[in-house]
There are 2 protein chains.
Amino acid sequence: MKLNTKSRYAVMALADMAVFSCDNAVSLRDISLRQGISLLYLEQIFLKLKKNNIVKSVRGINGGYILVKSPKELKISDILLALDQKVKTIGCKKDSKKSCNGKSTKCITHNFWDELDIHINSFFESKKLIDLLKHREARL
Amino acid sequence: MKLNTKSRYAVMALADMAVFSCDNAVSLRDISLRQGISLLYLEQIFLKLKKNNIVKSVRGINGGYILVKSPKELKISDILLALDQKVKTIGCKKDSKKSCNGKSTKCITHNFWDELDIHINSFFESKKLIDLLKHREARL
DNA sequence: TATATACCCGACTAAAATAGTCAAGTTTTT
DNA sequence: AAAAACTTGACTATTTTAGTCGGGTATATA
């Protein structure tokens, strides 16, 4: 059970932006160098972040990306959502014909998985980008 | 981000046992029929459950498996552990040479992933097998 | 206005993980 | 003896993941 790299990189990259942007755009090249993430992969990730209005882009020389919301307001759940990274611990949904046919005990565990999803999602909902940076400041 | 089927089936199967065992062993064949899980796959799962002392086996006719602990005592985390289903949301551990080289901001997000792991694991620690059955009783 | 920098975007692919199957047993009860 | 049921390792098809590739487009600055 793990998060995929796209989600992790997205969070890392946005955290990087929060640290390094001084009101100007941050280029993917810089993020790539600092965070050790492939530039091509970052492009793919930022495409989604842009489409979902997490960042906006500035083209041309000295271009890059800018956070739409402040790190204080940007929820981690927003980021994961932008990458279609739903926290869905099971494939078996109540309304799915395929895996849950309502037979006897078959779906005893349904409620449990639902609870789990809620538990995890509420964590992501409760955390803002700025929360990730706090530890860092302590180290400086 | 999702749990694999092995873990889910393990929990389903053990919940099934909790419901249907009347002190005697439950055969995989019965579980397979009731829960719609491939018998061969169940065998693979129960091998691990047995090795990790979650169930014990009774061979021969009328054989099957028996829960080692009562559903009241068996934690979900025990089950997941038996299937090596660690909740490890990232591949990048502090002590890993590969993905975390300590460069500047590289691992700003570390603490966050650690917190997430703890958050999820504590959920699995807090739930016992019997907790899954409660909803069911309400429906009968 | 040339050009370098940086975003834009769909298609492709190698490798790993997943979800299972198969074959060939062993043990025990009736 | 025969049947039910556990035991075990090896094998495999499919899917997902984690990227790369190629060919764009926009724009600031010299």
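Every chain is numbered from 1 and lettered A, B, ... according to where its sequence line falls, protein lines coming before strand lines.
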Nearest to side-chain heavy atoms of [X], which nucleotide of [options]:
X	options	answer
Q44(B)	dG20(C), dG10(C), dT25(D)	dG20(C)
T5(B)	dT20(D), dA19(C), dC8(C)	dA19(C)
Y41(B)	dG20(C), dT20(D), dA18(D)	dG20(C)
K50(A)	dT30(C), dT7(D), dC8(C)	dC8(C)
I61(A)	dG20(C), dT28(C), dA28(D)	dA28(D)
S38(A)	dT20(D), dA5(D), dC7(C)	dT20(D)

First encountered from the 5' end of DNA chain C, between M1(A) and G64(A):
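First, find each residue's nearest nucleotide; the 5'-ward one identifies G64(A).
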Do [X] and [Y] come close enough that some side-chain heavy atom pair is under 4.5 Å?
X	Y	answer
L74(A)	I79(A)	yes
N62(B)	N24(B)	no
R8(A)	T109(B)	no

To the nearest Å, how far apart are [X] [atom1] and [N] [atom2]?
X	N	atom1	atom2	result
L3(B)	dA17(C)	CG	P	17 Å
K48(A)	dC8(C)	NZ	P	16 Å
I66(B)	dC6(D)	CD1	C1'	13 Å
L28(B)	dT8(D)	CG	P	13 Å
L39(A)	dC21(D)	CG	P	12 Å
K6(A)	dT20(D)	NZ	P	11 Å
L47(A)	dT25(D)	CG	C1'	13 Å
I45(B)	dA19(C)	CD1	P	10 Å

Do any side-chain nitrogens or oxygens of N62(A) fall under 4.0 Å of OP1 or OP2 in dT29(D)?
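Indeed, a polar side-chain atom of N62(A) lies that close.
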Under 4.0 Å between a side-chain N/O of S57(B) and OP1 or OP2 of dA5(D), yes or no?
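Looking at the OP1 and OP2 atoms of dA5(D), neither is under 4.0 Å from any side-chain N or O of S57(B).
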With nearest nucleotides of DNA chain D determined for N4(A) and G60(A) from heavy-atom distances, which residue corresponds to the more 5′ nucleotide?
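The 5'-side residue here is N4(A).
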Does R59(A) or Y9(A) map to a spot on DNA chain D nearer the 5' end, using the closest nucleotide for each?
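By nearest-heavy-atom nucleotide position, the 5'-most residue is Y9(A).
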Aromatic contact between F112(B) and F123(A), with the criterion being ring centroids under 6.0 Å apart: yes or no?
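That pair passes the under 6.0 Å test.
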Should the side chain of E43(B) and the base of dT21(C) be counted as holding a donor-acceptor pair, with the cut-off at 3.5 Å?
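Side chain to base: no pair below 3.5 Å.
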Touch class at under 4.0 angstrom, heavy-atom based, for F46(A) against every strand present:
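No contact at all - F46(A) keeps every heavy atom at 4.0 Å or more from the nucleic acid.
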Using a 4.0 Å heavy-atom cut-off across all strands, classify L40(B) as base, sugar-phosphate, or nothing.
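Answer is base: heavy atoms of L40(B) come under 4.0 Å of a base.
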Testing K128(B), K127(B), K69(B) for salt bridge (Lys or Arg N to Asp or Glu O under 4.0 Å) with D78(B), which one passes?
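Exactly one option meets the salt bridge (Lys or Arg N to Asp or Glu O under 4.0 Å) with D78(B), and it is K69(B).
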Going from CD on E115(A) to CG on L132(B), what distance comes out if it is rounded to the nearest 0.5 angstrom?
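E115(A) CD to L132(B) CG: 8.5 Å, rounded to 0.5 Å.
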